[in-house]
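As structure tokens, the structure follows; a few thoughts come after it.
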Amino acid sequence: MLRRLRDPRLIPFKTQTLLLRIAALASELRVPCYLVGGVVRDLLLDRPVHESDIDFVFEGDAIEFGYQLVKACGGKLTAHQKFRTAVWHTPENGDLAPDTVDLITARREVYKCPGALPTVTPAMLMDDLRRRDFPVNAMAIRLGGDDSGELIDPLDGQGDLARKLIRVLHPASFLDDPTRIFRALRYVARYGFTLEAETLRLINAEARAGLAQLSGERLRHEFDVTFEETNPPVTLQQFADFGLLEAIHPALLTAQCGFMPLETPSTHFGEFAVPEILSMRQSLGWIFYLIELNKSDSAALAKRLAFPVALAEAVRFAFILKRDLPSFKDYSPSQWTFYLDEAPPLSIYAVYLISRENALSEYLSKWRHVKPIATGADLKMRGLRPGPHFGEILRRLRAVWLDEIVVNQEQEDRWLDSALNAQK
Ligand code: ATP
Ligand code: MG
């Protein structure tokens, strides 16, 4: 494994430095420390590791180790007492990557009832590997000590990688945690693997029934991360084929996954906010996926999947905008603008990507920023008494700017003169 750990194509230099620092401290303190999970799997597949995936497991207290790390290398620690885990915020000088690293105390998990979160107790690495989802995700690399770099693979993850198989560790795995079904299907699509025969059989009615016990946040997360995959439609189709969508909510059966351009928006469109906690790719993924859903289905799903309010709104407006688009064909820029001002820019961008309607792009890049030069204060100076008609005049003035009837200050003054005369 040492060769792979030192390969800059697989692990960026600053992350290698971070691994060396942690390994050195683990040696010094004689704390058994391991790199575990997705990183080990991806290294063995010769795929570059995602920095955010790097988890360290300790046989011993991860929080205590974290404080020693801060002493030795700087940075800050956020400790989570309940599970004895910590997040190390690496020093800001930028020598180490990633910016945050998860430090985990090796643990054993007991599921009291299906779908609920497990009860956790500190344990040895072996217990920690056994609590994981699949053998390919239950391998570790020792860091520090004489055998640093050694691969630990008691559940034959390497065998499964060679056979290209996703296999559960025990028959109750999907009942304990039904999110593992989604995880399995994501790996199948991502790596071109197959579900091992018994695992395939275990995605049955009983396991699907367990989905009803999952919280909205946990379910939504499974889709959020699916939208980050290279080809989400393939995985989403698998979710449908295995009956997962129906089991979550029948409205998902009308969701569509044919259209999913997951590009990042070009700066041409200016800035617009995405709903909290979601990336642009995830937000657009959701909008495209649910854009055909009517109001009541979309509201029901937003509730079941605990959407942030801004996401629910973005999905709802995108549906309305896409539906109404053909009737706006003869609209002037001001008519477009006054209509679109009501919609979240993210919904407009999503519908633009689907329709390539030029007015939507014009709105995002230009029209939404168009404002008259005159303000309320100017109207007051011209002797107009404040009132609701202020807003109306400024709105009409904005319209003539948008429609290019007025293009400079002089024309604006003239327009205001005649508009105010008409008021008298
Ligand atoms: P990905 O590349 O999709 O991020 P990953 O393996 O890094 O894959 P994470 O969701 O980041 O997956 O989780 C990290 C590790 O935690 C996994 O490799 C696995 O060992 C363990 N794990 C995560 N979720 C579960 C789960 N639901 N049940 C059991 N183990 C899990
Ligand atoms: Mg990960």
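Ligands are counted one by one from 1 in listed order, and the atoms in each one are counted from 1 as well.
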Which protein non-hydrogen atom lies closest to atom 8 (O) of ligand 1, naming both residue and atom, and how far is it? Tyr187 OH, 3.0 Å
Just need the protein heavy atom nearest to atom 27 (N) of ligand 1, so name the residue and atom and give the distance. Asp177 OD2, 2.8 Å
Check Asp53 and report its N/O/S atom nearest to the Mg ion (ligand 2), by atom name. OD1
Phe134 near ligand 1, heavy-atom distance under 4.0 Å? no
Verify whether the ring centers belonging to Trp286 and Phe307 lie closer than 6.0 Å. yes
So is Arg183 touching ligand 1 or not, going by heavy atoms under 4.0 Å? yes
Near Arg131 (heavy-atom distance under 4.0 Å), the atoms of ligand 1 are 29 (C)
Please report whether the ring centroid of Tyr339 lies less than 6.0 Å from that of Tyr331. no
Determine, for Glu51 against Lys14, whether the closest basic-nitrogen to carboxylate-oxygen distance falls under 4.0 angstrom. no
Contact between ligand 1 and His50 is defined here as a heavy atom of the residue under 4.0 Å from a ligand atom; is it met? no
Looking at Arg132, Arg218, Arg130, the heavy atom closest to atom 16 (O) of ligand 1 belongs to Arg132
Tell me whether the centres of the aromatic rings in Phe239 and Phe223 are closer together than 6.0 Å. yes
Could you check whether the rings of Tyr187 and Tyr191 sit parallel, tilted or perpendicular, using 30° and 60° as the cut-offs? parallel
Validate the cation-pi geometry between Arg107 and Phe83: distance from NZ or CZ to the six-membered ring centre under 6.0 Å, angle to the ring axis within 45°. yes
Side-chain contact test, heavy atoms from C-beta onward, threshold under 4.5 Å: evaluate it for Tyr349 versus Leu360 and give yes or no. no
Give the numbers and elements of all ligand 1 atoms closer than 4.0 Å to a heavy atom of Gly37. 18 (O)
Heavy-atom check, side chain of Pro232 versus side chain of Tyr289, under 4.5 Å: no
Looking at atom 18 (O) of ligand 1, what's its closest protein heavy atom, distance included? Gly38 N, 3.2 Å
Give me the residue, atom name and distance of the protein heavy atom closest to atom 28 (N) of ligand 1. Arg180 NE, 2.8 Å
Just wondering, is there an N, O or S atom on Asp55 that's nearer than 2.8 Å to the Mg ion (ligand 2)? no
Heavy-atom side-chain contact between Phe193 and Lys164 under 4.5 Å: yes
For the side chain of Glu229 and the backbone of Arg190, is there at least one donor-acceptor N/O pair under 3.5 Å apart? no
Taking non-hydrogen atoms only, is Arg186 closer than 4.0 angstrom to ligand 1 via side chain, backbone, both or neither? neither
Enter the distance from Leu125:CG to Ile152:CD1 here, rounded to the nearest 0.5 Å. 5.5 Å
What part of Thr179, side chain, backbone, both or neither, has a heavy atom within less than 4.0 angstrom of ligand 1? side chain
For atom 30 (N) of ligand 1, grab the closest protein heavy atom and report residue, atom and distance to one decimal in Å. Asp133 N, 3.2 Å
Atom 11 (O) of ligand 1 has as its nearest protein heavy atom Asp53 OD1, 3.5 Å
Distance from atom 6 (O) of ligand 1 to nearest protein heavy atom, with residue and atom: Arg41 NH1, 2.8 Å
Heavy atom of the protein closest to atom 3 (O) of ligand 1 (residue, atom name, distance): Arg190 NH2, 2.7 Å
